[in-house]
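Heads up: the structure comes next, in structure tokens.
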Amino acid sequence: MLYRTDKLLLGTTNLAKINLYQSILAGEKLRILSLSDFPQFANLKAEEGLDSLRDNAIAKARVFAKASGIPTLGDDTGVFIPALGGKPGVAPRRWGGLLSDSISDEEWLKFFLKQIEFLEGNKLNCYRQQVCAIYHPAGRFSTFKITIQGRIAKRKRAKSFINGSPFSVYFYLSNYSCYFSELSKKQIIEVFSPIRTKVFDFLEST
């Protein structure tokens, strides 16, 4: 059976991730959908663990590609602060399983600021690691990873963030002299160009 490749499903309802990938993949003839376009999948979940970004990304992509019949991109992102032993790690929203997945952005920020309270100088260095899996409904898939180095701007933050991405207002990228939440669409394409290239390469070969 042949599947259309003019569509790509994002295996998420997270508005911040949807906006991010719409920017990463902008400018091509590709209709980008999200799980918000498929209310029938509201109770369909991918099993996610606390150990592997790659496994979680594949699980998300596979579940929704099989259900929709559309090539699907699954994403899992971790935040790693070496001075805190790598926490929050693979599941930053849940802080490695310590917090509830339903915690609000405001509650998460309050917890986050408490954790970094005594960090100073180089101990505020951290990195964001993002693993993507793109899965074809017939079973073929590919994964790719990008790591973004930065630091926590402890005493200052960006003005705003998209719901679902509270860390982005404290994650400062020295190479761009701005916070992650302030990256322009042009800068997003530059930062995430490896992901953009590999997604389109995968779709073209389908």
Side-chain angles (χ1 to χ4, degrees), residues 5-36 53-54 56-58 60-61 70-82 86 88-90 92-93 105 109 112 122 124-136 141-154 156-206:
T5 58
D6 59 343
K7 295 179 183 177
L8 178 68
L9 174 62
L10 304 178
T12 185
T13 56
N14 183 300
L15 184 59
K17 287 190 176 184
I18 293 170
N19 284 345
L20 177 64
Y21 280 102
Q22 285 176 335
S23 295
I24 293 172
L25 302 173
E28 298 289 339
K29 294 181 179 179
L30 180 68
R31 185 181 176 196
I32 300 172
L33 305 168
S34 75
L35 295 183
S36 300
L53 295 172
R54 182 178 184 273
N56 291 344
I58 292 171
K60 294 175 188 178
I70 299 171
T72 299
L73 188 147
D75 164 291
D76 205 33
T77 301
V79 172
F80 301 86
I81 307 171
V90 171
R93 187 73 178 187
D105 288 339
L109 280 175
F112 163 70
N122 290 338
L124 291 167
N125 292 339
C126 61
Y127 62 95
R128 181 184 190 273
Q129 192 167 89
Q130 190 162 334
V131 177
C132 299
I134 184 166
Y135 200 101
H136 190 283
F141 70 93
S142 181
T143 63
F144 21 95
K145 177 177 69 176
I146 185 168
T147 300
I148 303 171
Q149 301 286 344
R151 62 182 176 85
I152 299 164
K154 183 177 175 181
K156 189 178 180 181
R157 52 165 279 181
K159 293 181 180 179
S160 63
F161 61 91
I162 298 173
N163 290 343
S165 62
F167 178 70
S168 66
V169 292
Y170 283 97
F171 187 40
Y172 189 81
L173 308 182
S174 298
N175 289 345
Y176 292 91
S177 300
C178 70
Y179 298 91
F180 189 88
S181 65
E182 296 176 332
L183 288 170
S184 67
K185 289 186 177 181
K186 182 179 179 180
Q187 289 170 328
I188 286 172
I189 290 176
E190 181 178 339
V191 171
F192 291 95
S193 60
I195 288 178
R196 177 184 172 89
T197 298
K198 290 183 178 181
V199 167
F200 286 121
D201 284 348
F202 182 94
L203 294 176
E204 287 174 4
S205 66
T206 299

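Just so you know, these numbers use all the heavy atoms, side chains as well, and skip hydrogens, waters and symmetry mates. Source: prediction; values computed, not measured.
Annotation for F200 and L25: closest pair CZ-O, 3.7 Å, computed over non-hydrogen atoms. Between R54 and F141, the shortest heavy-atom contact is NH2-CE1, 4.0 Å. When all heavy atoms of G74 and A61 are compared, the closest pair comes out as N-CB, 3.6 Å.
Shown here are the side-chain hydrogen bond (donor to acceptor under 3.5 Å, both in side chains) partners of R151, two or more places apart in sequence or in another chain: there are none. S193 meets the side chain to side chain contact (heavy atoms under 4.5 Å, CB included) test with no other residue; sequence neighbours excluded. Partners of A57 under the side chain to side chain contact (heavy atoms under 4.5 Å, CB included) rule, at least two apart in sequence or in another chain, are D76, V131, A133. T197 is linked by a side chain to side chain contact (heavy atoms under 4.5 Å, CB included) to D201, counting only residues two or more places apart in sequence or in another chain. Looking at residues two or more places apart in sequence or on another chain, you find a side chain to side chain contact (heavy atoms under 4.5 Å, CB included) between K185 and S23. Not counting sequence neighbours, the partners of R93 by the side-chain hydrogen bond (donor to acceptor under 3.5 Å, both in side chains) test are D105. A search for salt bridge (charged side-chain N to carboxylate O under 4.0 Å, His left out) contacts involving R128 returns nothing, not counting sequence neighbours. In this view, T147 and Q129 satisfy the side-chain hydrogen bond (donor to acceptor under 3.5 Å, both in side chains) rule, not counting sequence neighbours. Remark: Q22 engages no residue in a side-chain hydrogen bond (donor to acceptor under 3.5 Å, both in side chains) (not counting sequence neighbours).
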- Task: Show your working on side-chain contact (heavy atoms from CB on, under 4.5 Å) between R157 and L109 and close with a plain yes or no.
- Result: CA-CA 11 Å; R157 52 165 279 181; L109 280 175; 4.0 Å; yes
- Query: Going through the distances and angles, do R31 and I70 end up as a side-chain contact (heavy atoms from CB on, under 4.5 Å)?
  - Reply: CA-CA 11 Å; R31 185 181 176 196; I70 299 171; over 6 Å; no
- List the steps and the verdict of side-chain contact (heavy atoms from CB on, under 4.5 Å) for L53 and T77. CA-CA 7 Å; L53 295 172; T77 301; 5.7 Å; no
In a table with atom names and distances, give each donor-acceptor pair under 3.5 Å that connects a side chain of residues 8-17 to protein atoms at least two apart or in another chain.
| unit_1 | atom_1 | unit_2 | atom_2 | d |
| --- | --- | --- | --- | --- |
| T12 | OG1 | N14 | N | 2.9 |
| N14 | OD1 | A16 | N | 2.9 |
| N14 | OD1 | K17 | N | 3.0 |
| K17 | NZ | D75 | OD1 | 2.6 |

Ignoring hydrogens and angles, write down the donor-acceptor pairs under 3.5 Å from the side chains of residues 171-181, residues two or more places apart or on other chains.
| unit_1 | atom_1 | unit_2 | atom_2 | d |
| --- | --- | --- | --- | --- |
| Y176 | OH | E190 | OE2 | 3.1 |
| Y179 | OH | K156 | O | 3.4 |
| S181 | OG | S160 | O | 3.4 |

N/O donor-acceptor pairs under 3.5 Å from side chains in residues 161-170, not counting sequence neighbours:
| unit_1 | atom_1 | unit_2 | atom_2 | d |
| --- | --- | --- | --- | --- |
| S165 | OG | I162 | O | 2.7 |
| S168 | OG | S165 | O | 2.6 |

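Looking only at side-chain heavy atoms (C-beta outward), Y21 and L73 come within less than 4.5 Å of each other.
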